[in-house]
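What follows is a short report on a single structure.
The chains referred to below are lettered A, B, ... by the order of the sequence lines, with proteins before strands, and numbering in each begins at 1. Fair warning: this is a prediction, and the values are worked out from it, not measured in the lab.
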Number of protein chains: 2
Amino acid sequence: MTATILLVDDHSVVREGYRSVLEKQPGLRVIAEAGDGAEAYRLFKSETPDLVIMDLSMPGIGGVEAVRRIRQWDKAAKILVFTMHENAGFAVQAIRAGARGYVTKTSPPETLVRAVMDVLAGKIAISPDIDHELALSRISGESSAADVLTPREFEVLRLLLAENTTEEIAETLHVSPKTVANLHSLIKDKLGVGSDIELVRLALRQGILTQLDLGEA
Amino acid sequence: MTATILLVDDHSVVREGYRSVLEKQPGLRVIAEAGDGAEAYRLFKSETPDLVIMDLSMPGIGGVEAVRRIRQWDKAAKILVFTMHENAGFAVQAIRAGARGYVTKTSPPETLVRAVMDVLAGKIAISPDIDHELALSRISGESSAADVLTPREFEVLRLLLAENTTEEIAETLHVSPKTVANLHSLIKDKLGVGSDIELVRLALRQGILTQLDLGEA
DNA sequence: GCAACGTCGTGAAATTTTCCCGGCGCTGGC
DNA sequence: GCCAGCGCCGGGAAAATTTCACGACGTTGC
């Protein structure tokens, strides 16, 4: 019996690579491809593949959100995240959203194939480099923003990264600029950073902000 | 007569994709693959391929630097940059470094093949989305940091993004912290940004800072 | 030779950041 | 019911920073 697979990646040439690697394996068959999260969700519902291989950084709704939606529709869906981000933060987000595996694109093809088999067999598959990252992040004790911040603080953090002035943020939240400034200061304190620049770097590392979130130049 | 190609990308599965697409074309043959810039340089010298297809974001020496080195060794080298960055800033950097083409990974396989043929024929190949980006960046008039800043200012900008405190930067430059603060202020003025966070965002857009530059979490 | 510019630095004003405080509402024991 | 704890909102004042105006010095180019 052969397992059916849905490939999700916004780079067509990359999908070609997955396909080439996977179809060398007996028992695997790629039945559909999607270029963004929304399309992935649609195709999952219509094609009901046994496994989804999903990239994270995509236009429109990203990979994490796509994972969430698919799992909401089918609690048993098997989704393997396959991405360039060698970053513990992304892995945590993806797994929490419901992914059953996380493999980085730097991994050799065998690792991908192995992970595909493991996830199909009901196991959780995490590539060694990410295991290592996760261990490091535990040791280094860098506070995970999503954990130490209250919901409101996290909201302010997102806005700080996305919008421009304290006043604008105060307006969208309907609070006084003073409150935003206070929270801004409190956030930096909780995350243990001294400057705004460090704050942005931390946000990048933890995947709260992505290079792709930026508007066009 | 068939053209020989060197593939450079740190993701082996992605190289598999290039290969699969390219080898469907008669007259093209992939003779070598590299996973980082240094290896690319070595292989270029030993294999002397007709064309190099190069990713930008790679560990160690990045794609732009690899392009520069290869072109330094062989002024006539034909290098096609093929990357995920849909960003005018990166394209400008790559072309200035000596690349003969710039195609984004979101492009359909035909665009890549077309660009390969064009570069082999001695033409400059730029994918339509980047053409559009370049046009926009001209129109929007966003100051390119590399252009409006003096060398010293640019140096300080890089350090601001990389290091932490004003004092540290002052020390590495052997000037007073006050000078660094003054330049910091002047830089924000010249680039037309109001806050440090905006400054980092602009740096990300223009490729002065990359998500990959960050240390591990 | 001198005007223009980049670099470095001072000092003082203006603004922001930070810290400490109180108030309000909710939740979870007891 | 009552109180402790915590998240949330903001005021006020001290502390730090950002910003601005200014001068000095060397280089470059006309």
Side-chain angles (χ1 to χ4, degrees), chain A residues 92-93 96 141-206 208-209, chain B residues 96 141-206 208-209:
Chain A
V92 170
Q93 279 184 54
R96 286 197 185 148
E142 173 171 285
S143 341
S144 153
D147 288 343
V148 305
L149 299 183
T150 68
R152 191 56 158 183
E153 285 159 2
F154 195 77
E155 171 79 358
V156 171
L157 173 56
R158 278 200 319 104
L159 289 172
L160 280 168
L161 299 172
E163 289 194 57
N164 291 328
T165 72
T166 300
E167 283 72 21
E168 278 170 13
I169 296 170
E171 191 156 347
T172 53
L173 292 180
H174 305 290
V175 296
S176 99
K178 192 61 202 290
T179 299
V180 176
N182 276 337
L183 285 177
H184 186 172
S185 175
L186 184 59
I187 289 167
K188 289 203 286 182
D189 189 33
K190 279 197 177 181
L191 297 181
V193 299
S195 70
D196 281 351
I197 291 178
E198 264 186 280
L199 184 65
V200 180
R201 286 217 304 267
L202 182 139
L204 281 169
R205 275 203 305 274
Q206 302 202 354
I208 298 160
L209 175 70
Chain B
R96 285 196 186 150
E142 172 172 285
S143 340
S144 154
D147 289 342
V148 304
L149 299 183
T150 67
R152 191 56 156 183
E153 285 158 1
F154 195 77
E155 171 79 357
V156 170
L157 173 56
R158 279 200 320 103
L159 289 172
L160 280 168
L161 299 172
E163 289 195 55
N164 291 325
T165 72
T166 300
E167 283 73 22
E168 278 170 14
I169 296 170
E171 192 155 346
T172 53
L173 293 180
H174 305 290
V175 297
S176 100
K178 196 62 203 287
T179 299
V180 176
N182 277 336
L183 285 177
H184 185 172
S185 175
L186 184 61
I187 288 167
K188 288 202 287 182
D189 189 33
K190 278 196 177 181
L191 297 181
V193 298
S195 70
D196 281 350
I197 291 179
E198 264 187 279
L199 184 66
V200 180
R201 287 216 303 268
L202 183 139
L204 280 169
R205 275 204 305 274
Q206 301 201 354
I208 299 161
L209 175 69

Rounding to the nearest 10°, end axes of the helix from C:dG1-D:dC30 to C:dC30-D:dG1 built from five pairs each make an angle of 30°

Which residue, A:Gly194 or B:Val175, contacts DNA chain C at a nucleotide closer to its 5' end, judged by nearest heavy atom? B:Val175

Distance, nearest 0.5 Å, that separates CD of A:Glu155 from OG1 of A:Thr150: 10.5 Å

To the nearest 0.5 Å, what is the distance between CG (A:Asp196) and CG (B:Leu160)? 12.0 Å

Please give, in whole Å, the distance from [N] [atom2] to [X] [atom1]?
{"X": "A:Lys178", "N": "D:dC8", "atom1": "NZ", "atom2": "C1'", "result": "15 Å"}
{"X": "A:His184", "N": "C:dT16", "atom1": "NE2", "atom2": "C1'", "result": "11 Å"}
{"X": "A:Leu186", "N": "C:dC20", "atom1": "CG", "atom2": "C1'", "result": "13 Å"}
{"X": "B:Leu199", "N": "D:dT18", "atom1": "CG", "atom2": "C1'", "result": "14 Å"}
{"X": "B:His174", "N": "C:dG9", "atom1": "NE2", "atom2": "P", "result": "12 Å"}
{"X": "A:Arg152", "N": "C:dC26", "atom1": "CZ", "atom2": "C1'", "result": "16 Å"}
{"X": "B:Glu155", "N": "C:dG6", "atom1": "CD", "atom2": "C1'", "result": "15 Å"}
{"X": "A:Glu167", "N": "C:dT15", "atom1": "CD", "atom2": "C1'", "result": "11 Å"}

Give B:Ser176 one of three labels, base, sugar-phosphate or nothing, depending on what nucleic acid heavy atoms sit under 4.0 Å from its own. sugar-phosphate

Base, sugar-phosphate or nothing for B:Asn182? Non-hydrogen atoms, less than 4.0 Å. base

A side-chain contact here means heavy atoms from C-beta on lying under 4.5 Å apart; do B:Leu173 and B:Arg152 qualify? yes

Which atom of A:Lys190 lies closest to which atom of A:Leu149, heavy atoms considered: CD-CD2, 3.8 Å

Identify the heavy atoms of A:Glu153 and A:Ile187 that sit nearest to each other, and give their distance. O-CD1, 3.3 Å

Looking at C:dC8, I'd like to know if its phosphate oxygens (OP1 or OP2) sit under 4.0 Å from a side-chain N or O belonging to B:Thr179. no

Are the side chain of A:Arg158 and the backbone N or O of A:Ile208 linked by a donor-acceptor pair below 3.5 Å? no

Can you establish whether the number of heavy atoms outside A:Glu171 located under 6.0 Å from its atom CD is more than 12? no

